[in-house]
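Working notes for the structure below.
The chains referred to below are lettered A, B, ... by the order of the sequence lines, with proteins before strands, and numbering in each begins at 1. These figures come from a predicted structure and were not determined experimentally. Keep in mind that the numbers below use all heavy atoms, side chains included, and drop hydrogens, waters and symmetry copies.
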Amino acid sequence: MELLIQQVVAGIATGAIYACVALAVVMIYTAIGHLNFAQGEMAMFSTFIAWQLITWGVPYWVAFALTVAISFVGGVVIERLIFHPLANAPILSHVVLFIALLTILTSTAGFIWDFSIKTFPSPFGSAPLFGSSLISAHQAGMMGITLVLLIALFFFFRFTRVGLAMRAAADNPVSARLVGVRVSWMIALGWGMAAAIGAVAGMLVAPVVFLEPNMMLGILVYGFAGAVLGGLTSPGGAVLGGFLVGIIENLAGTFIPVIGGELKLTIALCIIVLVLVLKPGGLFGRATVQRV
Amino acid sequence: MSVQTENLETAAEHPALAADMVTKPFGRDRTIGIAIGVILFVAAIALPFVTKSFFVFQVTMVLIYAIAILGLNLLTGFNGQFSLGHAAFYAIGAYTAAILMDKAEISYVWTLPVAGIVCFAFGFVFGLPALRLEGIYLALATFALSVATPQILKLSPLEHWTGGVQGIVIMKPDAPFGLPLNQDQWLYFFTLIVTVLLFWLAHNLLKSRTGRAMMAIRDNPIASRSMGINNSIYKALTFGLSASYTGIAGALGAIVVQFVAPDSFTVILSIALLVGLVVGGVGWIPGAFFGGLFVLFVPNIAEQFSKGLSGAFYGIILMGLMFLMPAGVAGFIAMLRRKVLRHEG
Amino acid sequence: MNKLLEIKGLHAAYGQTRVLHGLDFEIEPGSVTTLLGANGAGKTTTLRAICGMVKRTGDILLNGQQINRNQTEDIVRLGVAHVPDGRGTFLRQTVEENLQLGAMARRDKAGIASDMELVYSYFPILKKRRTQIAGLLSGGEQQMLAVGRALMLRPKLMLLDEPSFGLAPMITREIFEIFRSLNRNEKVSMLLVEQNASLALELADHAYLLETGRVVFSGRAEAIREDESIRRAYLGY
């Protein structure tokens with residue numbers, strides 16, 4: 001029993017990472033209606049920028065804020081330069097553009113900062129929280145920031161004009177233009193926000209998994225799993241989904257012999273497929289309502 | 001650029017026209033097709049005798065990727081289902097061939113149909129839950145499959161068969177019947193024969209009732225159901241068929257490369273196949289060859305620009321291609337043809 | 001006299017397919033004008049061309065201002081509200097949010113709030129359902145929502161694309177009554193595209209008859225209503 005509780009708590013701690021990434025995934029899905037396969041790499045690149053700033057002697061929180069701002073602008077620029085001109089191209093062409101973006105970011109990061117593993121500081125320190133070895137101060141801080149982010153997003157989408165305009169642009173772009181919403185800028189804004197959230201996720205994850213150009217590849221898959229589990233349209237669901245994936249991963253690793261240890265990732269993916277098959281909208285997603 | 005945007009708008013307004021534009025970029029004029037076919041046939045026969053053996057190997061790999069991409073195209077281009085997981089089927093095909101040759105000492109020729117059948121079964125079974133998934137969700141599930149594959153192949157209980165991380169080394173076959181060909185030349189011709197056969201089969205399948213049913217499901221699943229097509233069966237069968245093609249390509253790949261190991265079949269291979277499909281043209285059979293060329297040669301070209309930044313150059317080339325021809329080579333040819341026609345008429 | 005909208009030599013095309021071949025017509029301020037014609041005559045395309053949803057050339061003057069190069073969003077901001085075919089509902093947002101979106105181009109909070117009440121007074125059913133997801137509304141309710149959303153702009157000109165489509169005759173009557181009172185009481189000018197010619201001619205002051213992208217006849221609505229030869233030849237009743 002004690003082992004079970006231990007593993008659940010450890011799962012929540014890892015889950016915080018996935019929750020953070022899942023939130024970024026949902027964010028961009030809401031804005032552009034696509035899964036951004038380059039999202040992990042965008043977050044990685046942002047984290048390197050933060051690392052560089054900190055190495056140059058910029059205080060942590062200043063570097064944090066600067067990185068979020070730079071990432072936001074970067075996201076908008078990527079949308080304007082690369083995706084906006086091909087807005088009418090088939091979906092698969094967009095997927096290919098994501099892939100191109102991904103390889104460019106990984107390769108460039110490796111070229112500038114090389115492929116060696118780097119440590120990344122945590123503003124919360126790595127001491128165990130309340131003397132318990134299960135969860136560190138950093139992991140608790142990470143959960144805290146994720147929750148703050150989630151609440152901020154909720155208020156933004158629910159109660160602001162721009163938030164409503166962004167929802168409308170994603171829901172029915174043609175109609176949105178007909179009420180005067182500048183849809184193409186809403187999409188760019190969505191990219192900027194997703195890049196900024198990704199940057200936060202990257203900076204929170206890096207102290208745990210260490211910084212290197214491929215750091216996000218595996219995590220993004222867990223992030224997708226969390227997002228899908230919670231429902232791709234629900235930010236709150238995504239965060240919860242991320243925590244759930246962390247818990248399931250840890251429990252499977254502990255209690256299922258051999259396979260659990262070696263196939264952690266596979267198990268996470270089986271969850272995705274299972275959820276998708278049984279409940280395509282995810283646990284908390286809104287099913288699309290449409291009259292034929 | 002402006003012309004292209006215009007095409008895309010036309011395509012958006014008239015899906016039927018768009019499908020015809022992409023699936024038949026040369027129009028319905030057969031003479032061009034036949035002429036190109038004859039030239040290609042002569043070139044294909046002459047090739048291994050006039051080039052270096054490494055180049056012959058590379059072209060063989062292009063053909064193999066083309067088969068794998070065709071498999072993906074059957075699923076995506078003609079049945080409207082996405083997959084980012086075809087490396088898994090490629091791997092299953094490759095391992096089937098390798099294990100059969102290594103453990104059971106079965107001739108390489110017979111590993112191909114076995115790989116095809118095994119992969120068909122896997123594809124069909126995976127296709128059943130996939131029935132309930134659409135678009136981005138299916139992409140995600142297959143992406144997951146592809147990420148899991150190398151891990152499963154490394155699994156310790158399976159090590160006796162798969163050789164674990166080490167993989168399996170297999171022998172290169174000699175030319176049969178005392179033909180005066182070296183091993184690379186023979187494998188090239190062997191692959192060429194298989195390729196022609198598989199493309200011919202795919203072409204005929206798509207012209208048949210079954211093929212029309214597949215495409216009807218892609219274009220309008222509700223209408224196809226009301227025409228009496230059993231969408232579920234067709235979609236699962238198409239998944240099986242697609243996996244089967246890609247699996248045969250994997251088996252051929254194992255024979256030609258003489259080696260299989262888990263890390264050759266990561267998600268990167270799945271992505272490469274998808275990129276090849278899009279670059280060639282979704283829904284256009286010959287596009288697979290352009291895709292194969294891209295998959296094999298473009299990474300090398302990128303590396304020649306810069307060793308350290310080869311990934312970045314690859315990405316830039318890829319983006320450039322998408323800007324130049326958002327609907328792949330197929331869309332590009334269709335556009336050129338329309339330009340010519342407009343000048344004539 | 002100043003025209004609200006003047007169209008001269010309007011051409012429009014979907015990619016390679018040309019639909020409008022030099023259309024001329026105009027709308028008086030405060031009037032209801034209707035475009036009539038068979039399927040494929042270019043009625044819907046005309047509305048789309050006015051608000052920049054398709055490629056177009058020719059003159060489009062709104063209150064004397066050339067708008068033929070403006071983006072859709074900017075034309076909306078000039079006071080042109082489009083009730084599109086298919087109703088353009090934001091399916092995943094609530095009814096009230098749909099109405100708020102209609103006022104996206106406005107900044108006057110008080111005015112928006114009072115117009116929201118105005119819309120609810122015309123369509124009480126929308127008030128009852130204001131917190132519901134709009135995708136759950138019936139076809140008729142969605143049509144009312146589309147009209148309501150257009151009104152939230154406080155438009156100078158409303159473009160109405162087949163508002164009767166798919167509605168029961170009773171509900172159609174009701175909505176057309178509301179159009180009439182909106183035109184009289186709120187002084188909203190309207191450009192109406194409608195399959196049901198007799199219904200449209202009852203409401204309209206002026207009518208244009210379109211055939212394959214050209215105006216073939218125009219005149220006062222009453223005159224057309226009473227001209228049997230035209231009715232037989234073009235309107236089929």
Side-chain angles (χ1 to χ4, degrees), chain A residues 29 33-35 37-38 81-82 85-112 114 213 217-218 220-221 224-225 227-228 232 258-259 261-278 280 282 292, chain B residues 1 4-5 8-9 11-12 18 76 82 84 126 128-141 143-145 147-149 151-152 154-157 222 267 271-272 274-275 277-279 282 302 306 308-323 326-328 331:
Chain A
Y29 184 79
H34 287 312
L35 288 180
F37 290 96
L81 279 184
I82 301 170
L86 288 178
N88 289 325
I91 297 177
L92 275 175
S93 304
H94 280 230
V95 173
V96 167
L97 284 180
F98 288 132
I99 291 163
L101 182 61
L102 180 157
T103 59
I104 291 173
L105 288 174
T106 312
S107 166
T108 312
F111 186 75
I112 303 176
D114 74 57
L217 199 63
L220 183 65
V221 177
F224 278 159
V228 166
L232 272 170
V258 191
I259 295 181
E262 288 182 44
L263 294 184
K264 273 185 162 186
L265 193 56
T266 311
I267 288 170
L269 299 173
C270 286
I271 300 169
I272 303 187
V273 175
L274 212 69
V275 170
L276 288 177
V277 169
L278 296 179
V292 180
Chain B
M1 202 48 226
Q4 294 241 333
T5 332
L8 290 169
E9 272 169 25
T76 306
F82 291 129
L84 275 168
F126 191 84
L128 286 176
L131 287 176
R132 298 201 45 182
L133 308 177
E134 265 172 29
I136 212 79
Y137 290 97
L138 184 58
L140 199 57
F143 181 68
L145 174 70
V147 171
T149 303
Q151 288 195 331
I152 295 172
K154 284 178 198 164
L155 204 60
S156 49
I222 294 171
V267 70
I271 290 175
L274 181 81
V275 167
L277 170 67
V278 176
V279 166
V282 180
S306 154
L309 277 172
S310 63
F313 277 103
Y314 174 83
I316 289 167
I317 294 173
L318 195 51
M319 270 185 193
L321 276 179
M322 284 296 104
F323 271 78

Tell me, side chain or backbone of [X] under 4.5 Å from chain B's heavy atoms, or both, or neither?
X	answer
A:L102	neither
A:T108	both
A:L81	backbone
A:L101	both

Notebook entry, point to check: Among A:V95, A:L97, A:T106, which residue forms the greatest number of heavy-atom pairs with chain B at distances under 4.5 Å?
Noted result: A:L97
Next item on the list: Please assess B:I271 against A:F37 for the test side-chain contact (heavy atoms from CB on, under 4.5 Å), listing each intermediate value before the final yes or no.
Entry: CA-CA 11 Å; B:I271 290 175; A:F37 290 96; over 6 Å; no
Next item on the list: Please look at B:S310 and chain A and tell me whether the side chain, the backbone, both or neither of the residue comes under 4.5 angstrom of a heavy atom of that chain.
Entry: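 When you check distances to chain A, only backbone atoms of B:S310 fall under 4.5 Å.
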Next item on the list: Identify which part of B:L138 has an atom lying under 4.5 Å from any heavy atom of chain A, answering side chain, backbone, both or neither.
Entry: neither
Notebook entry, point to check: Which heavy-atom pair separates A:S93 from B:P326 by the least distance, and what is that distance?
Noted result: OG-O, 2.7 Å
Next item on the list: Calculate, to the nearest 0.5 Å, the distance between atoms CD1 and CE belonging to A:I99 and B:M322 respectively.
Entry: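 It is 10.0 Å, given to the nearest 0.5 Å.
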Next item on the list: Could you tell me which of B:V278, B:V267, B:L145 has the largest number of non-hydrogen atom pairs under 4.5 Å with chain A?
Entry: B:V278
Using distance only, find each side-chain donor-acceptor pair of residues 311-318 of chain B under 3.5 Å and give its atom names and separation, not counting sequence neighbours.
none

